[in-house]
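Fair warning: this is a prediction, and the values are worked out from it, not measured in the lab.
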Amino acid sequence: MYIPKNLEINDRAVIKQVLAENGFGVLVTSDLTATHLPLIYKAGDGELGSILGHFAKSNPHWEAAINQRVLIVFQGPHAYISPNWYTTNPAVPTWNYVAVHCYGYLELLSNEENKLAMDQLVNKYEPGLSNNMDIMPNEYQERLRSGVVGFKVVLDDIHAKEKLGQHRKPEDQAGVYAGLSASSDPDSQKLAAYILKRSIGVGI
């Protein structure tokens, strides 16, 4: 990923937060096969942490990925930026976004490790659902788990970027933030919230 120095995220805490809040990623192997997956970031494994997930067993991609170095792409908040929001002219439309690329070697999980990882994933989005035996009886969960292959990627490199209009004049940044905040588009609202939280691209 091309990352100009002024757009690079160097703060490890910020990167971890982006990964925690944006758990749907794309896992890519060297043959350019890609699989879209719900994933869990774990900060405790190694210096950079690890990514846990699972493939459908019927998806042959997992066999190609075993013990291979993979790329996992996470997309954070992103939105269209109108040139009408700038005070400076001439101007053109662009897209502002946050993205994190994670690299590491993929290893398979045991059945018990996969159960724990899947429980973490479910509980992240709907706490307590795994224990609801009316909806998800244990035998039903076990049957479905037999159809997936769990994995862990211990990360050895992370590239993170936030393109938030840092290169624009403060008045242009303020115009973009106001435009995003006033938009009814959910993606624009999410990007505005991220800009405010990071205090980058708000024109201050």
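Taking 4.5 Å as the limit, some side-chain heavy atom of I15 sits within range of a side-chain heavy atom of V100. The shortest distance between side-chain heavy atoms of F151 and L39 falls below 4.5 Å. The shortest side-chain heavy-atom distance between Y105 and N67 does not fall under the 4.5 Å cut-off. Under the 4.5 Å side-chain criterion, counting only non-hydrogen atoms from C-beta, N114 is in contact with H54. Looking at heavy atoms from C-beta onward, T35 lies in side-chain contact with F55 at the 4.5 angstrom threshold. Using a 4.5 Å heavy-atom cutoff, the side chains of L106 and L108 are in contact. No side-chain heavy atom of E47 sits less than 4.5 Å from a side-chain heavy atom of D156. The side-chain heavy atoms of L191 and L164, taken from C-beta on, include a pair separated by under 4.5 Å.
A distance of 8.5 Å separates CG of L7 from CD1 of I3, quoted to the nearest 0.5 Å. The CG atom of N22 sits 9.5 Å away from the CD atom of Q17 when rounded to the nearest 0.5 Å. Atom-to-atom distance recorded for E21:CD and K190:NZ is 10.5 Å, nearest 0.5 angstrom. With rounding to the nearest 0.5 angstrom, the CZ atom of R12 is 5.0 Å from the CG atom of L48. N138 contributes atom CG, which lies 7.0 Å from atom NZ of K115 (distance to the nearest 0.5 angstrom). Within the model, atoms CD1 of I158 and CD1 of I9 stand 10.5 Å from one another, a figure rounded to the nearest 0.5 Å.
Within 6.0 Å of atom NZ in K169, 12 or fewer heavy atoms from other residues, nucleotides or ligands are found, so the atom counts as exposed in its surroundings.
Between V28 and A34, the shortest heavy-atom contact is CG2-CB, 4.1 Å. Between P83 and Y80, the closest heavy-atom pair is CD-OH, 4.0 Å. Q173 and Q166 make their closest contact through NE2-O, 3.4 Å (heavy atoms, listed as atom of the first residue, atom of the second, distance). Scanning all heavy atoms of the two residues, the minimum distance from L180 to Q189 falls at O-NE2, 3.8 Å. Minimum heavy-atom separation, G23 to K124: CA-NZ, 4.2 Å. Of all heavy-atom pairs between A91 and T88, the closest is CB-O, 3.7 Å.
The hydrophobic clustering, which links ILVMFWY residues whose side-chain heavy atoms are closer than 4.5 Å, places Y103 and M1 apart. Under a hydrophobic clustering in which Ile, Leu, Val, Met, Phe, Trp and Tyr are joined whenever their side-chain heavy atoms come within less than 4.5 Å, directly or via other members, L196 and Y97 fall into different clusters.
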Check step by step if side-chain contact (heavy atoms from CB on, under 4.5 Å) holds for F24 and Q75. CA-CA 8 Å; F24 194 66; Q75 181 69 66; over 6 Å; no
Assess the residue pair V176 and V202 against the criterion (side-chain contact (heavy atoms from CB on, under 4.5 Å)); give the C-alpha distance rounded to whole Å, side-chain angles, the decisive distance to 0.1 Å, and a yes or no. CA-CA 8 Å; V176 167; V202 292; over 6 Å; no
L52 vs Y41, side-chain contact (heavy atoms from CB on, under 4.5 Å): CA-CA, chis, key distance, verdict: CA-CA 6 Å; L52 301 175; Y41 173 71; over 6 Å; no
Where do I200 and Y194 land on the side-chain contact (heavy atoms from CB on, under 4.5 Å) test, with the steps shown first? CA-CA 9 Å; I200 297 175; Y194 182 88; over 6 Å; no
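Between T29 and D31, the side chains place a donor N or O and an acceptor N or O closer than 3.5 Å (distance only, hydrogens not considered). No hydrogens or angles considered: nothing links the side chains of H61 and T33 as a donor-acceptor pair under 3.5 Å.
Between the side chain of K161 and the main chain of Y2, a donor-acceptor pair closer than 3.5 Å is present. Distance alone, capped at 3.5 Å, places no donor-acceptor pair between the K57 side chain and the W62 backbone. Between the side chain of D157 and the backbone N or O of C102 there is no donor-acceptor pair closer than 3.5 Å. Remark: the backbone N or O of N6 is not paired with any side-chain donor or acceptor of E8 at under 3.5 angstrom. Side-chain atoms of E107 never come within 3.5 Å of backbone atoms of V153 as a donor-acceptor pair (strictly under, hydrogens ignored). Checked by atom type and distance alone, the side chain of S183 never pairs as donor or acceptor with a backbone atom of G179 at under 3.5 Å. Formation of a donor-acceptor pair under 3.5 Å by the E113 side chain with backbone atoms of S110 is found in this model.
A salt bridge does not link E112 with R145: none of the charged nitrogens is closer than 4.0 Å to a carboxylate oxygen.
The side chain to side chain contact (heavy atoms under 4.5 Å, CB included) test with L37 is passed by exactly one of I51, L27, V26: L27. Looking at E162, K163, H78 one by one, the single match for side-chain hydrogen bond (donor to acceptor under 3.5 Å, both in side chains) with N96 turns out to be K163.
For an aromatic pair to be called close, the ring centres must be under 6.0 Å apart, and F74 with H101 fails this.
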